[in-house]
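Source: prediction; values computed, not measured. These values consider heavy atoms only, across backbone and side chains, with no hydrogens, waters or symmetry-generated copies.
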Amino acid sequence: MKIRFVDRSDIKVSRKSKSKYRPLKEAISELEPGGDAIQVKFSDEKELTSLRNVIYTYNRETGSNVRSSADMSKNLIYFYVK
């Protein structure tokens, strides 16, 4: 196997990748403290963990204080700003 380093500008990308969580991030950016919450339906524990990880990352990157609360009986999670 031959490995060679190339400059990033030499790599042509024909398609930009989009996160399936982009709508969630956009909705969360519109939340206000003490205002409305966002309700998201999830299918299983793995998806719930992924949703929460997106929020933890968002909080870390923006310095926000978005919180979550899950209703496991209805498979719903709520996001709000405290």
Side-chain angles (χ1 to χ4, degrees):
M1 173 187 299
K2 189 174 183 181
I3 298 173
R4 191 177 88 171
F5 287 95
V6 295
D7 195 297
R8 280 282 297 190
S9 62
D10 293 341
I11 303 170
K12 305 294 181 203
V13 177
S14 61
R15 182 181 141 241
K16 291 185 178 180
S17 62
K18 292 185 181 179
S19 169
K20 70 177 187 177
Y21 299 110
R22 175 179 255 160
L24 175 63
K25 288 181 182 180
E26 290 172 355
I28 287 188
S29 67
E30 297 175 14
L31 288 177
E32 296 178 9
D36 293 336
I38 298 171
Q39 175 183 310
V40 179
K41 186 158 183 70
F42 60 90
S43 56
D44 57 10
E45 291 275 335
K46 184 176 178 182
E47 187 175 13
L48 174 63
T49 302
S50 295
L51 289 168
R52 284 191 165 147
N53 283 336
V54 167
I55 298 308
Y56 298 150
T57 303
Y58 179 84
N59 282 343
R60 197 169 41 249
E61 290 173 349
T62 63
S64 301
N65 193 18
V66 178
R67 301 289 186 172
S68 65
S69 177
D71 183 352
M72 299 302 285
S73 64
K74 296 179 183 176
N75 284 354
L76 294 173
I77 187 168
Y78 302 94
F79 297 106
Y80 57 93
V81 178
K82 193 171 185 181

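- For residues 23-38, no residue pair satisfies the side-chain hydrogen bond (donor to acceptor under 3.5 Å, both in side chains) rule, not counting sequence neighbours.
- E45 pairs by the side chain to side chain donor-acceptor pair (under 3.5 Å) definition with nothing, not counting sequence neighbours.
- Residues passing the side-chain contact (heavy atoms from CB on, under 4.5 Å) test with T49 are N53, sequence neighbours excluded.
- Remark: S64 pairs with Y58, N59, T62, V66 by the side-chain contact (heavy atoms from CB on, under 4.5 Å) rule, at least two apart or across chains.
- Y21 is listed as a side-chain neighbour of S50, based on a closest heavy-atom distance under 4.5 Å.
- A search for side chain to side chain donor-acceptor pair (under 3.5 Å) contacts involving D7 returns S9, not counting sequence neighbours.
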Can you give each donor-acceptor pair under 3.5 Å made by side-chain atoms of residues 69-81, sequence neighbours left out, with the distance rounded to 0.1 Å?
residue, atom, partner, partner atom, Å
D71, OD1, S73, N, 3.4
D71, OD1, S73, OG, 2.8

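- Atom CG in L24 sits 4.5 Å away from atom CD1 in I55 (nearest 0.5 Å).
- A distance of 13.0 Å separates NZ in K46 from CG in L48, rounded to the nearest 0.5 Å.
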